[in-house]
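Below is one structure, written out as structure tokens; the observations come after it.
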Amino acid sequence: MSIVVQKYGGSSVADADGIKRVAQRIVNTRKQGKDVVVVVSAMGDTTDDLRDLAQQVTPLPPPRELDMLLTAGERISMALLAMAVTQLGYEAQSFTGSQAGVITDSVHGRAKIIDITPGRIEGALKTGAVAIVAGFQGVSQDTKDVTTLGRGASDTTAVALAAALGAEVCEIYTDVAGVFSADPRIVPAARKLDRVSTEEMLEMAASGAKVLHLRCVEYARRYNVPIHVRTSFDYVEGTWITPESEQDGASDVEQAIISGVAHDRSQAKITVVGVPDKVGEAARIFETLANSEVNIDMVVQNVSAASTGLTDISFTLPRDDGQGAMSTLARIQDEVGYDKLLYDDRVGKVSLIGAGMRSHPGITAKFFTALASAGVNIEMISTSEIRISVIVAEQQVDTAVRATHTAFDLDATEVEAVVYGGTGR
Ligand code: ASP
Ligand code: MG
């Protein structure tokens with residue numbers, strides 16, 4: 001029998017009614033003769049609420065205990081969901097990440113999956129039961145402690161399980177009807193994409209599109225897992241994410257050059273002013289940052305002024321790493337001999353993504369013209385084969401996204417997007 005993995009996000013199981021509605025969907029899939037494995041997130045804002053609670057007890061909760069606490073959220077939803085499925089006359093068994101065989105490294109708060117040994121899940125399926133697995137958690141191979149995989153990582157649990165079980169599809173149920181050409185909260189005329197290549201989805205997720213967790217898309221690409229992103233509040237088809245090579249040629253004719261516009265408000269920009277323009281300076285700066293686990297995104301180095309032999313290096317990084325990076329850099333000021341550091345966290349990133357831009361010249365020009373016409377100043381630029389990203393002032397992000405969406409004819413004639421649930425917290 002073929003296996004379907006279904007992942008339900010927190011907004012789909014926010015209350016008892018939500019849990020019953022999801023149980024009905026699971027049963028409907030079971031009735032189609034599929035084996036169903038469900039991955040579930042914590043109810044509504046539970047994970048945030050648990051974090052707040054920990055903060056009230058101590059400003060610095062021990063990471064091991066914080067993970068133990070946060071994994072409780074998914075235990076609640078998985079057990080309730082198993083009860084609701086049973087109530088509908090079908091067998092169901094819930095499993096923690098550890099029981100489901102999600103083996104991770106031992107980095108609390110952002111553990112990486114290193115292996116999946118889903119023996120118990122397969123056992124449950126054999127007896128005809130629906131297996132319900134707690135998302136976002138696993139168990140450390142070394143310490144045997146409970147770990148979490150990072151915020152939003154239930155998506156990753158689902159795709160990893162789908163890969164390990166050889167599932168035909170991993171369905172990700174969320175509070176919007178699929179992947180949109182832009183965030184419908186900013187662009188009401190955003191359109192639902194019927195399909196997106198895994199490569200494009202990777203760029204979108206990395207550029208701030210929140211609909212899927214980045215690591216889940218990386219996993220899907222590595223193991224060739226087709227993903228279907230859709231809503232649990234409706235029975236409409238969502239967005240299929242499959243490798244480009246597997247998307248049928250016929251519809252390629254209609255394939256838009258640009259798939260979407262993503263944005264990210266979680267970045268900050270640091271400028272190292274007056275760096276001596278000689279061999280090894282950039283290496284020194286970025287090596288130091290790497291050693292303190294700071295992830296760098298865009299980097300720009302200006303041409304040095306001939307008269308001074310000094311240059312400025314700017315880069316972006318996650319805002320959360322900003323203060324850490326500033327103090328790390330301050331420590332090597334004398335060694336590098338730079339002038340000063342500038343910090344700006346009022347920036348945002350706007351990215352244009354589309355596999356079609358490989359073969360279409362002029363996309364960059366059109367993008368920058370759209371931004372200019374909207375009065376948006378570009379602070380930094382970076383590109384990949386299928387993406388162009390710019391850093392702009394934070395308060396201009398919405399304007400930039402809308403102007404770009406319109407310039408590339410992505411606006412739908414009717415409003416397609418419905419945001420069903422979620423407090424957006
Ligand atoms: N409950 C976890 C979180 O809120 C995991 C998830 O929802 O994917 O981050
Ligand atoms: Mg989520």
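Each ligand, and each atom within it, is numbered from 1 in the order the structure gives. Source: prediction; values computed, not measured.
- Here's the thing with T47: one of its N/O atoms is less than 3.5 angstrom from an N/O atom of ligand 1.
- The atoms of ligand 1 that sit less than 4.0 Å from any heavy atom of A153 are 8 (O).
- Side-chain atoms of R195 and T239 include no donor-acceptor pair closer than 3.5 Å.
- A perpendicular orientation is assigned to the rings of F286 and F315, their planes being inclined by more than 60° (bins at 30° and 60°).
- Between S98 and Q137, the side chains place no donor N or O within less than 3.5 Å of an acceptor N or O (distance only, hydrogens not considered).
- Applying the 4.0 Å criterion to heavy atoms of E74 picks out, from ligand 1, the atoms 1 (N), 2 (C), 5 (C).
- Distances below 4.0 Å separate heavy atoms of S41 from the following atoms of ligand 1: 6 (C), 7 (O), 8 (O).
- Judged by the 6.0 Å distance and 45° axis criteria, K269 is not positioned over the aromatic ring of Y343.
- Near G152, with a cut-off below 4.0 Å to any heavy atom, the atoms of ligand 1 are 3 (C), 5 (C), 6 (C), 8 (O), 9 (O).
- Between W240 and H228, the angle of the ring planes stays under 30°, which puts this pair in the parallel group of the 30/60° scheme.
- Shown in contact with R151 at under 4.0 Å from a heavy atom are these atoms of ligand 1, numbered in order with element: 3 (C), 4 (O), 9 (O).
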